Protein chains: 2
Amino acid sequence: MRASERAYAALREDILEWRLEPGTVLGEVEQSERLGISRTPLREALARLLSDGLVAAQGGRGLVVTAVSVSDIAQLFELRQALEQQIARQAAQHRDPAVFETLAAEFRVAPDLLERSDHAGYYELVARFDAAMDAASANTYLVTALRSLRPHLVRLRRISRDNNSRLRAAAREHLLIVEAVAAGDSELAASATHVHLHQSLTSILATAQMLSTHR
Amino acid sequence: MRASERAYAALREDILEWRLEPGTVLGEVEQSERLGISRTPLREALARLLSDGLVAAQGGRGLVVTAVSVSDIAQLFELRQALEQQIARQAAQHRDPAVFETLAAEFRVAPDLLERSDHAGYYELVARFDAAMDAASANTYLVTALRSLRPHLVRLRRISRDNNSRLRAAAREHLLIVEAVAAGDSELAASATHVHLHQSLTSILATAQMLSTHR
DNA sequence: TAGCCCGTCTTTGCATACACAGAAGCCCAA
DNA sequence: TTGGGCTTCTGTGTATGCAAAGACGGGCTA
């Protein structure tokens, strides 16, 4: 694997997992030494993070990990609504029913996963759901736009994490989306997506509110 | 200005204006010599074009200018529908009425521009319309997604170019969108956008059909 | 003591050199 | 003639060196 690729993957994960917190300055020499590579591939990695919006230029010199404000969360979800409703419509039109019936069966037993607090298992299921929607949408541009949005959503998991009752509700909402796609009902799929994202946003904002109050 | 920035701007424009045609191989040495810079900043420029989707990796080695198929056009417009309807809704909610009333006045006299075949003037007006919508949407993520889509749309102008009757109709459609935004009517703004993009797509596909038949 | 200016020093941007991998061409043998 | 293996060679990926543009600090002056 290329050094620049490894550096990108490593830095990206460090940011998504909050090991590099918002505001952290990423110096080229510092990071290249930390990752054991030279500045050239590291610069390439930083450029990609910049276009991802995970880091931002700090007044001409120096890159910093971007922050995620409450306003950012609302804006992210406006974009997410637009993209995921559209992808749900397209997926419902082009889907392979068998794929989504299999997914539906898995979401029906998702409460079992959550029962034993297997959050990783649940997130893995959601990742397969996303992948299936991407594939079924048959629209590379839509998928590309969504792929560039997802890292930011992953960062939000830290806020919604371990909210077991919310995850149970989310599983039911996902199930409805999958059933609508399986049935080829575009508008139901879009509306179910709308509902799901509305509930997710509401939950996240409530948690964010609580976190900021408690501090 | 940085060399990498100049190289990016130059290559990007060459691709958007079809001076570099789809399928053209962009060798690092070749292009760096053409632009009078070293390979390091040129690689940075190519990496940005890659993430823009304007060039693609050619089997592990070599980057080529991407093609725009009829299927690509349809997919681009599906994404465009999702993004521009959303931005129209947001803009209608947050707009400064004065800005959009000024724009409306300009679109009312746009037929004069087209009368004297001042297409550049018309495209410049559309660019200001886009900028006003971006600013009014108050959503940086939405704007970023749209900004990454627009280069691909610019490439399509070569297909729809000089279709004067279509541009007149487009001006009327734009006017309706601007009026809806000025009035703060989100749903009308979204629907007017939907109509406009549907008509644009229909026109482009018809022209593309004609071009491919004639050859 | 506060403010400004100058020198130093860090950090970035670019150029160049080197190493390696994949492709093209060639030769030899079947 | 064709296929396989070898060689060469082009092109990419990475490291390093150098220069310039700021940030920082110290000292001087008012």
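Chain A is the first sequence line, chain B the second, and so forth, proteins listed ahead of strands; every chain is numbered from 1. Keep in mind that this is a model prediction, so the values were computed, not measured. These numbers come from the heavy atoms of this one structure, side chains and all, not from hydrogens, waters or symmetry mates.
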Item to complete: Compute whether any side-chain donor of one residue and acceptor of the other, for S137(B) and D134(B), lie under 3.5 angstrom apart.
Response: no
Worksheet item: Going by an N to O cut-off under 4.0 Å, is there a salt bridge joining R95(A) and E101(A)?
Response: no
Fill in: Side-chain N,O (T40(B)) to OP1/OP2 (dC14(C)) below 4.0 Å
no
Discussion item. Below 30° counts as parallel, above 60° as perpendicular, anything between as tilted: where do the rings of Y141(A) and H152(B) land?
Written reply: perpendicular
Worksheet item: In whole angstroms, how far is the C1' atom of dT12(D) from the CD atom of Q58(B)?
Response: 15 Å
Worksheet item: According to a strict under-4.0 Å criterion, is R39(A) in side-chain N/O contact with OP1 or OP2 of dT14(D)?
Response: no
Worksheet item: Starting at CG of L42(A) and ending at P of dT11(C), how long is that distance when rounded to a whole Å?
Response: 14 Å
Worksheet item: What is the distance from CE of M1(A) to P of dA21(C), rounded to the nearest Å?
Response: 17 Å
Worksheet item: Given dG13(D), is OP1 or OP2 found less than 4.0 Å from the side-chain N or O atoms of R2(A)?
Response: yes
Practice prompt. Grab the CG-P distance between L35(B) and dC14(C) for me, whole Å please.
Written response: 13 Å
Practice prompt. Send over the distance from Q31(B) CD to dT10(D) P, rounded to a whole Å.
Written response: 19 Å
Item to complete: Could you tell me whether R155(A) and D72(A) make a salt bridge, using a distance below 4.0 angstrom between a side-chain N and a carboxylate O?
Response: no
Worksheet item: Are the charged groups of E44(B) and R48(B) less than 4.0 angstrom apart, N to O?
Response: no
Discussion item. Please compare S38(B) and V29(A) by the position of their nearest nucleotide in DNA chain C and report the one closer to 5'.
Written reply: V29(A)
Discussion item. I need the CD-P distance between E5(B) and dG13(C), as an integer number of Å.
Written reply: 11 Å
Item to complete: Choose from dC14(C), dT12(D), dT14(D) the nucleotide whose nearest atom is closest to any side-chain atom of E28(B).
Response: dT12(D)
Practice prompt. Could you pick out which residue, P41(A) or R61(A), lies toward the 5' side of DNA chain D when each is mapped onto its nearest nucleotide?
Written response: P41(A)
Worksheet item: Rounded to the Å, how far apart are E33(B) CD and dT16(C) P?
Response: 11 Å
Worksheet item: When the distance from CG of L50(A) to C1' of dT12(C) is rounded to whole Å, what number comes out?
Response: 14 Å
